[in-house]
Engineer: 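Dropping a structure here in structure tokens format, bear with me for questions.
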Amino acid sequence: MTEDICIHPWEYHVEPFRIACGLYYVGNSKVSSHLIDTGEGLVLLDTAFPQTVYLLLESIRRLGFDPADLRSILHCHGHYDHFGGTKAIVELTGAKTAMGIDDEFILTERPELSWSPEYGVDFHESFVLDCPLRDGQTLTIGKIDIECVHTPGHTPGSMSFFFQIHDGRNEYAVGIHGGPGINTLTDEYLARYDLSRRTRSRYMESIEKLKARKVDIFIGAHPDQNDTLGKRKRMINGENPFIDKEAWPAFLSQLDAKARATFGTAADGFRPAP
Ligand SMILES: [Zn+2]
């Protein structure tokens, strides 16, 4: 069955807003997209679905920006809900694309792994990956340095991003986990696409890898991961609930506990293969 957002995208509209400094939310109520004003052009983090591109472009404009100033589009991972809009936006703006190198094969060889079958849609929106990202790479775009951390599990090439934003007075470390979902780790999914259970141990290792990070503003690949919309509502009287050092470690602990509860302990679920 086709995912409802691909049929009634207008029902998922979210008024765009500034999270802090040059960081903005331009996603919908199902999938996050974030806009970073680098001071020398714009960076977009994920493009959601092809069907929601018009909402995304309108959100960018409503914030006073011009989509033509998009320089780069970064992707958390190679799933349809994060890159579906990319082809259209590249056609329109000429922005360069970046995604984890280990997810490039989804675009070129295994489109069925893009989760588009699960969304009940055909995959027609492949794009050319201009900048395949590797672990530890730093992308400098305008005045922003974006550190890329390979965090496989949800997909082979899931990429987490870390960068600093500042407004002259305050500076914040921003972080996003590029692939926290365990829906690609179930026995059923692994069997359907002939994938290895090793992805589960990779997933757990990725969580461990991210625990060392200090993050002031945790942003989600989906708005429910960090309660984007709830926090937006609580942005009153100068309060900014997005600035919360505890949100990142709390999220990682939740992921860890959920995966262990779902797939078992290290002894039977996550032992790395030899
Ligand atoms: Zn995904």
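One-based numbering, in listed order, for ligands and for the atoms of each. Since this is a predicted model, take the numbers as computed values, not measurements.
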Engineer: Determine how many protein N/O/S atoms sit closer than 2.8 Å to the Zn ion (ligand 1), leaving waters out since they are not shown.
Structural biologist: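 Those protein atoms number 3 in total.
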
Engineer: In the structure I gave you, are the side-chain heavy atoms of E118 and Y189 within less than 4.5 Å of one another anywhere?
Structural biologist: yes

Engineer: Would R200 and F263 count as a cation-pi pair here, with the cationic atom under 6.0 angstrom from the ring centre and within 45° of the axis?
Structural biologist: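 Judged by the rule, R200 and F263 form a cation-pi pair.
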
Engineer: Could you tell me which residues satisfy side-chain hydrogen bond (donor to acceptor under 3.5 Å, both in side chains) with H34, sequence neighbours excluded, listed by chain and number?
Structural biologist: none

Engineer: Would you please indicate yes or no on a ring centroid separation below 6.0 angstrom for F65 and Y24?
Structural biologist: yes

Engineer: Which residue is it: T86, D81, T97, T52? I am looking for the one with a side chain to side chain donor-acceptor pair (under 3.5 Å) to T47.
Structural biologist: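 Of T86, D81, T97, T52, side chain to side chain donor-acceptor pair (under 3.5 Å) with T47 is met by T86 alone.
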
Engineer: Are F123 and F83 near enough that their ring centres are under 6.0 Å apart?
Structural biologist: yes

